[in-house]
Amino acid sequence: MATMCRETPATHVAPAVQPGHVYLVGAGAGHADLLTLRAWRLLTQADVIVYDRLVGDDILAMIPPSRERYYVGKARGHHSVPQAEIGALLARLAREGKSVVRLKGGDPGIFGRMGEELAILGEAGLPTEVVPGITAASAAAATLGMPLTDRGHAQQLRLVTAQHCREGGEPNWHDLARRDETLVFYMGLSRVDAICRGLRDAGLPGDWPIMLAANASLPEQQTLIGTLDDMPERLAATPLPSPCLIVVGSVVTMADTTRHADRVVTQA
């Protein structure tokens, strides 16, 4: 009697990298274990890696020494390479017939300027693929066993950039000041006071929960938990490094502060 042999999921391997292709790859929130298997395969197979500041050394160590590398990192107030030049670099490398991984921290589609790079590559007629990564919001919340959405707290989740997209732009604080959602602000460490004030002025109570998480998912993750009233003072007393994530909403009360208690400062 013949037996049936089933393929296991592990046998379905993604195709090898293609020459002249650009892969926009999310490196995840920081910890190397959060890198996807697809991202790892591309890192080990591609000819060239073009990477950002938030890609950790343990992830870079996975790249074979023979591969070309280009650092194009950005920090607040200082861009090592302008965005237009990054796009031109990706296009040039792909036109040379190389397989190129554009490695970004977190997820390339969440405040990662992926759209701008895809537009340049599309105009050049170059094939591209996007490989998602775990974003900082998910990683920071998971570290504390905190859901970003919960039936008793938030019916929706909103990801917000704290950096203005246009000159003179301000968030619609009244639209954001809801009690039935979770707000996650990216790139907002320098604007904590403005965020707290804007949400209070728009109607949220002063004792509304807020959490700051720096270096999400990494051993050095630091977390401050407080309220809209006291967070600016708490941050001044306990400064956090960048990158730092800001979570606002009642789900913050669900954070398990006994996890990594040495790295969590809670409201007194």
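Taking 4.5 Å as the limit, some side-chain heavy atom of Leu24 sits within range of a side-chain heavy atom of Leu121. Using a 4.5 Å heavy-atom cutoff, the side chains of Arg179 and Leu204 are in contact. Inter-residue side-chain proximity for Arg197 and Pro232 is flagged as unmet; no heavy-atom pair is nearer than 4.5 Å. Taking 4.5 Å as the limit, every side-chain heavy atom of Val55 sits out of range of all side-chain heavy atoms of Ile49. You'll find the side chain of Thr36 stays beyond 4.5 Å of the side chain of Pro132, heavy atoms only. Counting heavy atoms from C-beta on, the side chains of Val130 and Leu118 come closer than 4.5 Å.
Of all the heavy atoms in Met231 and Cys196, the pair that sits closest is CB-SG, 4.1 Å. Looking at every heavy atom in both residues, Ala39 comes nearest to Val131 through N-CG1, 4.2 Å. Scanning all heavy atoms of the two residues, the minimum distance from Asn215 to Ser242 falls at OD1-O, 4.5 Å. Between Gly145 and Pro147 the shortest heavy-atom distance is O-CD, 3.8 Å. When all heavy atoms of Leu103 and Ile59 are compared, the pair lying nearest together is CD2-CG2, 4.2 Å. Across every non-hydrogen atom of Ala46 and Ser99, the tightest pair is CA-OG, 3.4 Å.
Rounding to the nearest 0.5 Å gives a distance of 13.0 Å between CZ of Arg41 and OH of Tyr23. Atoms CD1 and CG, from Ile225 and Leu144 in turn, are 6.0 Å apart once rounded to the nearest 0.5 Å. Rounded to the nearest 0.5 Å, atoms CE (Met146) and OG1 (Thr182) are 7.0 Å apart. Atom CE of Met62 is separated from atom CG of Leu42 by 13.0 Å, given to the nearest 0.5 angstrom. Note that OG1 of Thr128 is 8.5 Å distant from NE2 of His21, once rounded to the nearest 0.5 Å. Taking CG of Leu212 as the reference point, atom CG of Leu240 lies at 6.0 Å (rounded to 0.5 Å).
Partners of Trp173 under the side-chain hydrogen bond (donor to acceptor under 3.5 Å, both in side chains) rule, at least two apart in sequence or in another chain, are Glu170. With sequence neighbours left out, the salt bridge (Lys or Arg N to Asp or Glu O under 4.0 Å) criterion links Arg92 to Glu96. Applying the salt bridge (Lys or Arg N to Asp or Glu O under 4.0 Å) criterion to Asp58, with sequence neighbours excluded, gives no partner residue.
Listed for the Asp107 side chain is a donor-acceptor partner under 3.5 Å among the backbone atoms of Gly133. In this structure, Arg178 contributes its side chain and Gln156 its backbone to no donor-acceptor pair below 3.5 Å. With hydrogens and angles ignored, the 3.5 Å screen pairs no side-chain donor or acceptor of Thr238 with any backbone N or O of Leu235. The backbone N or O of Asp230 sits less than 3.5 Å from a side-chain atom of Thr227, completing a donor-acceptor pair. Side chain of Arg200 to main chain of Leu228: a donor-acceptor pair is present (N/O by atom type, distance under 3.5 Å, no hydrogens or angles).
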Yes or no on side-chain contact (heavy atoms from CB on, under 4.5 Å) for Leu183 and Leu199, after CA distance, side-chain angles and deciding distance? CA-CA 11 Å; Leu183 295 175; Leu199 292 173; 4.0 Å; yes
What do the steps show when you test Ile86 against Glu116 for side-chain contact (heavy atoms from CB on, under 4.5 Å), and what is the final call? CA-CA 10 Å; Ile86 295 174; Glu116 296 169 57; over 6 Å; no
Criterion side-chain contact (heavy atoms from CB on, under 4.5 Å) on Val50 and Leu93, from CA distance to verdict: CA-CA 10 Å; Val50 179; Leu93 293 169; 4.0 Å; yes
Could you walk me through whether His153 and Thr253 satisfy the side-chain contact (heavy atoms from CB on, under 4.5 Å) test, starting with their C-alpha distance in whole Å, then the side-chain angles of each, then the deciding distance to 0.1 Å, before giving a yes or no? CA-CA 10 Å; His153 292 269; Thr253 62; 3.6 Å; yes
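Of the residues listed (Leu176, Leu159, Ile210, Leu245), the one engaging Phe185 in a side chain to side chain contact (heavy atoms under 4.5 Å, CB included) is Leu176, and it is the only one. Between Val184 and the options Leu148, Val160, Ile246, a side chain to side chain contact (heavy atoms under 4.5 Å, CB included) holds for only Leu148.
Leu54 is not connected to Leu218 by any chain of hydrophobic side-chain contacts under 4.5 Å among Ile, Leu, Val, Met, Phe, Trp and Tyr, and they are in different clusters. Both Met114 and Val72 are part of a single hydrophobic cluster, where members link through side-chain heavy atoms under 4.5 Å apart. Using a 4.5 Å cut-off between side-chain heavy atoms of Ile, Leu, Val, Met, Phe, Trp and Tyr, with links allowed through other members, Met211 and Met187 fall into the same hydrophobic cluster. The cluster map of Ile, Leu, Val, Met, Phe, Trp and Tyr, joined by side-chain heavy atoms under 4.5 Å apart, puts Ile63 and Val17 in the same cluster. Cluster membership for Leu34 and Leu37, using ILVMFWY side-chain heavy atoms within less than 4.5 angstrom, is not shared.
The ring-ring contact (aromatic ring centres under 6.0 Å, His included) contacts involving residues 86-129 comprise Phe111-Tyr186, where partners must be two or more places apart or lie in separate chains. Residue pairs satisfying the ring-ring contact (aromatic ring centres under 6.0 Å, His included) criterion with at least one member in residues 200-222, sequence neighbours excluded, are absent.
Ring centroids of Tyr70 and Tyr51 are separated by 6.0 Å or more, keeping the two rings apart.
Neither side chain, His31 nor Ser217, offers a donor N or O lying under 3.5 Å from an acceptor on the other.
Ile120 forms part of no hydrophobic cluster, judged by ILVMFWY side-chain heavy-atom separations under 4.5 Å.
Under the 4.0 Å criterion applied to side-chain N and carboxylate O atoms, Arg113 and Asp52 are not assigned as salt-bridge partners.
Heavy atoms of other residues, nucleotides or ligands lying less than 6.0 angstrom from CD of Glu233 number 12 at most.
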